[in-house]
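Throughout, protein chains are lettered first and strands after them, A, B, ... in sequence-line order, and every chain is numbered starting at 1.
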Number of protein chains: 2
Amino acid sequence: MVQNNGSAPTRRGRPRAYNPQTALQLATDRFWRGGYSGTSLDQLCAETGMNRPSLYAAFGDKHTLYLKALEGYWQLSLKAIREALADDGKPLKEALLRAYDAQLAIYFAGDESPRGCFVIGTAITEAVEDVEIRNSLAAGLAMLDADFEVRLQVAHERGELQAGADPTALATLASAVLHTIAIRARAGIPRVELREIARKAVNVICGLQS
Amino acid sequence: MVQNNGSAPTRRGRPRAYNPQTALQLATDRFWRGGYSGTSLDQLCAETGMNRPSLYAAFGDKHTLYLKALEGYWQLSLKAIREALADDGKPLKEALLRAYDAQLAIYFAGDESPRGCFVIGTAITEAVEDVEIRNSLAAGLAMLDADFEVRLQVAHERGELQAGADPTALATLASAVLHTIAIRARAGIPRVELREIARKAVNVICGLQS
DNA sequence: GTTATTTTGTACCATTTCGAATAAAATCCT
DNA sequence: AGGATTTTATTCGAAATGGTACAAAATAAC
């Protein structure tokens, strides 16, 4: 079962004309714009430059391809959040704002019209009728909450929060701020406005004036 | 142009076999579950009991039908928010919780599996590539913000908020709480949990302990 | 009763959709 | 070089899609 015993790939048959990672990223980009139901296999083929059977052999049918795209996005997105929230001794305010900035960078990546959050833009619609997508969504949201909560717990123990503050409630609020930014990004609200929302919200969460 | 000069409808041709209002509501329900792209005309016909040409004559093509459904939902939803936030002399905390409860009642209406928010579930996906849907989305979100802000301004003038609090920032946060609830509802989070999120968030917004 | 008017129901059309079958092409192993 | 193996490219097919044409049906006006 080992197909790579070192540096030489040594695959047997005709070499692939595509790179699986970049192909998955291109497919993700396409779903990002059109949604799951709104994106056809033809569009995915055009975007990835792959023909139908290759796409199929590489990622399975449309549904499993989308699930892989969704999984990849969660990993990317949560990694960015965790790095931003990593405890580096700096104040909570900075960490939170760094987390929101990291997400905004994803939402507004590329030259095209802003795409917002991939999860909000594609998974939310399908979640109600698709169990697997719904489970992935619920799991990702829970991890996001958990990441914020860890950081707010640290801040609480360090006395950064207001007296009597509830770190768990504030963590949910921190998630809520990210959610509202994701939604507004999809509605075409410019990036600077979204950042301002984040900045003011961080002040409220941290219990500061203005 | 007057087609109803009192109580007698007196339409000329064959009478309609459907009620436009209920038909639009049924179409809305169908979009609610499947999304815009994920819902076919056949499904809309099946749900409304209308045949294709009748649906067409009544509401135009799929796109305009959806826009009417979206408009109707905004009206219903914002009306509920405004009624809940109406100043009746009671404390802000109560008004906010009433607003969230009103939305939860919409999200969890019916016996079927919970559908969450219609806007979040259907418009967000299409908004990026569809200008009309995006505009409707942006306008609705702005009105939601405005409704919260009016109420928070009142609370501020009445001294209900913490010293130095920013009513506008808190209004955005109040919207954010609604957004996160809408997203989580779509992810299958049970109603009681969502209400608890609302309750705790209201306490933070109002500057109370726990 | 006849005619005008509006809606209904069936059938139809062109296109798109997802998926698969098949043969050609490009590599590795011997 | 020859065979095995894997991927590519073209093609096909059955079903679903959005939208429309047209005759039958049901009512109001005359």
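Salt-bridge check for A:Glu196 with A:Arg199: passed, with a basic side-chain N closer than 4.0 Å to an acidic carboxylate O.
Comparing atom distances between the B:Tyr56 side chain and each of C:dA24, D:dT20, C:dT6 picks out D:dT20 as nearest. With D:dT8, C:dT6, D:dA21 as the candidates, the nucleotide lying closest to the side chain of B:Arg11 is C:dT6. Closest to the B:Ser40 side chain, of the nucleotides C:dG19, D:dT17, D:dG19, is D:dT17. When the nucleotides D:dG19, C:dA26, C:dT7 are ranked by their closest atom to the side chain of B:Arg16, C:dT7 comes out on top. In the set C:dG19, D:dA28, C:dA25, the nucleotide with an atom closest to the side chain of A:Arg52 is C:dG19. Distances were taken from every side-chain heavy atom of A:Pro53 (C-beta onward) to each of C:dT8, D:dT17, D:dA9; the shortest belongs to D:dA9. The B:Ala17 side chain lies nearest to C:dT8 when the options are D:dG18, C:dT8, C:dA20.
Rounded to a whole Å, the CG atom of A:Leu41 is 19 Å from the P atom of D:dC12. Between the CG atom of B:Asp61 and the P atom of D:dT17 there is a distance of 16 Å, rounded to whole Å. Put simply, CD on A:Gln43 is 6 Å from P on C:dT17, counting in whole angstrom units. As rounded to whole Å, 19 Å separates atom C1' of C:dT17 from atom OH of A:Tyr66. Atom CZ in B:Arg14 sits about 19 Å away from atom C1' in D:dA29, given to the nearest Å.
Nearest-nucleotide mapping onto DNA chain C: of B:Ser54 and B:Arg12, the residue sitting toward the 5' end is B:Arg12. Ranked by how close their nearest DNA chain D nucleotide is to the 5' end, B:Pro15 and A:Gly13 are led by A:Gly13. Looking at which nucleotide of DNA chain D each of A:Asn51 and B:Asp42 is closest to, the 5′-most match is held by A:Asn51.
Using a 4.0 Å heavy-atom criterion, one finds that A:Ser37 contacts no nucleic acid atom at all.
Counting only N and O atoms by type, the side chains of A:Asp166 and A:His156 include no donor and acceptor under 3.5 Å apart.
Residues A:Leu141 and A:His179 are in side-chain contact: their nearest non-hydrogen atoms beyond the backbone lie under 4.5 Å apart.
Geometrically, B:Lys62 engages B:Tyr36 in a cation-pi contact, judged by NZ or CZ lying under 6.0 Å from the ring centre and within 45° of the ring axis.
Checking side-chain atoms of A:Arg195 against main-chain N and O of A:Asp101 turns up no donor-acceptor pair under 3.5 Å.
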